[in-house]
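What follows is a single structure, written as structure tokens, with notes after it.
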2 protein chains.
Amino acid sequence: MATNKAIELDSTAAGDKTEQILQGAMQEFLTHGYAGTSMDKVAKTGGVSKATVYSYFQDKEGLFTALVQRLAAEKFVYFEAVPESTEPAIALRFVATTILDHASQEPHFLTFLRLVIAESGRFPQLAQIFVRNLTKPGIERLTQYLASHPELKLPDPEATARIFIGSLVYFQLTQDMMHGKEILPMERDRLIDGLLQLILRS
Amino acid sequence: MATNKAIELDSTAAGDKTEQILQGAMQEFLTHGYAGTSMDKVAKTGGVSKATVYSYFQDKEGLFTALVQRLAAEKFVYFEAVPESTEPAIALRFVATTILDHASQEPHFLTFLRLVIAESGRFPQLAQIFVRNLTKPGIERLTQYLASHPELKLPDPEATARIFIGSLVYFQLTQDMMHGKEILPMERDRLIDGLLQLILRS
DNA sequence: GTCTATATTTAGATAGAC
DNA sequence: GTCTATCTAAATATAGAC
């Protein structure tokens, strides 16, 4: 009796214990960090027993590693590629807006970044997976776009790409993650304008 | 019998229990994070008993809060003010170099930033203290320097200051904190050159 | 003021029933 | 395969001796 596998490929299928566990793990680890998360809570949030968690994952570290790898591999993307035919003023503003809006569209993204940074001492490989799967493709995409526009007269497109993305990430870090909005207020568009002015005045 | 108070002002004086506890707390919290640190280890590392820790600080949260406040208030500084008479190419390179070298000079600084980010969800006030005491003065100092040099023709000095510092912090975040050196290699001076080229080509 | 010893809770992990 | 019940270790916090 061949069951319909297509249905089970839906990663949110309720019957899939692995998914339930990872969902519970995501909620708990993202909220409380590695050491602050208990396997009891993971099991309860996932709607399974703790023994079931341990039958699917070797231990807490294994579960955490599996979760982070999965989130870095599947769930989050900095931004998609921009066609090189788009003119720079439009393309760069689009990229910047996309990155800064990411927090709204994917509410867990900033929390995920926080988690990876928080555990980058204890789990350096996981931080490296984040860099490899998210940071690197983002930098490379933007570098390639910048390099394909010689009229910008950028002496070092890759350095420029890092400056561009770094400014945006730091902005989110300071304003949202570290709750600096009221202490160090600045409109999102003001930062973007400043960035574009620096890059476009060739 | 008046004892010599001057000696006790040395914050590493062995007899001062408060200092011993904070030293132990610093080492443990910086290494293992909030939830990953036990009061037993803090006491042992500080060379006192656990009961003594609880006689000086109300509980784990109080100790953690006191430690972070202290580190943000006293121990770390982004960079000192640069005289406005220094010419931009020199001054900006000096500021950039200072910030990037900070990790070497103050080996705990990156770890402290990691800790504050890690706990910025549970302890938002502590993240705000960090922003108020470290981020804000840094941005403001650089903004003032940039604003005092109209020959740079910067339409928005504060946005530029954020771009400048953001690029540098993101660089350290990616290369060092998240162990991305080998995955996304770039020389420190290449980023600085790229930054200066963007800002100085007026 | 400072310590040792301990009460109490909670955590990671597993044995054994079904 | 999944659950309940439990073992063992470790953590927060405090009582009581000195």
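- Atom CE in A/Met39 sits about 19 Å away from atom P in D/dA9, given to the nearest Å.
- Atom pair A/Tyr56:OH and C/dA13:P shows a separation of 19 Å (rounding to whole Å applied).
- In this entry the distance linking NZ of A/Lys44 with P of D/dT4 reads 11 Å, nearest Å.
- Between B/Glu61 atom CD and D/dT12 atom P the separation is 12 Å, expressed in whole Å.
- Nucleotide C/dT6 holds its P atom 15 Å from the CG atom of B/Asp40, rounded to whole Å.
- Counting to the nearest Å, the P atom of C/dA11 and the CG atom of A/Leu63 are 15 Å from each other.
- Residue contacts for A/Phe57: at a heavy-atom cut-off of 4.0 Å it reaches no nucleic acid atom on any strand shown.
- One can place NZ of B/Lys60 at 18 Å from P of C/dT9, the figure rounded to the nearest angstrom.
- An OP1 or OP2 oxygen of D/dA13 is reached within less than 4.0 angstrom by a side-chain nitrogen or oxygen of B/Tyr54.
- Distance A/Gln58 CD to C/dT14 P: 9 Å, rounded to the nearest Å.
- For B/Phe64 and B/Phe57, the ring centers sit 6.0 Å or farther from each other.
- Note: A/Tyr34 and A/Phe29 have parallel aromatic rings, judged against thresholds of 30 and 60 degrees for the angle between ring planes.
- Looking at which nucleotide of DNA chain C each of A/Ala51 and A/Gly36 is closest to, the 5′-most match is held by A/Gly36.
- A/Ser49 and A/Thr52 form a side-chain donor-acceptor contact under 3.5 Å, judged by distance and modelled atom types alone.
- At a cut-off of 3.5 angstrom, counting only N and O atoms as typed in the model, there is a donor on one side and an acceptor on the other between the side-chain of A/Lys50 and the base of C/dG12.
- Heavy atoms of B/Ser49 sit under 4.0 angstrom from at least one base atom.
- Between the CG atom of B/Leu30 and the CG atom of B/Leu71 there is a distance of 6.5 Å, given to the nearest 0.5 Å.
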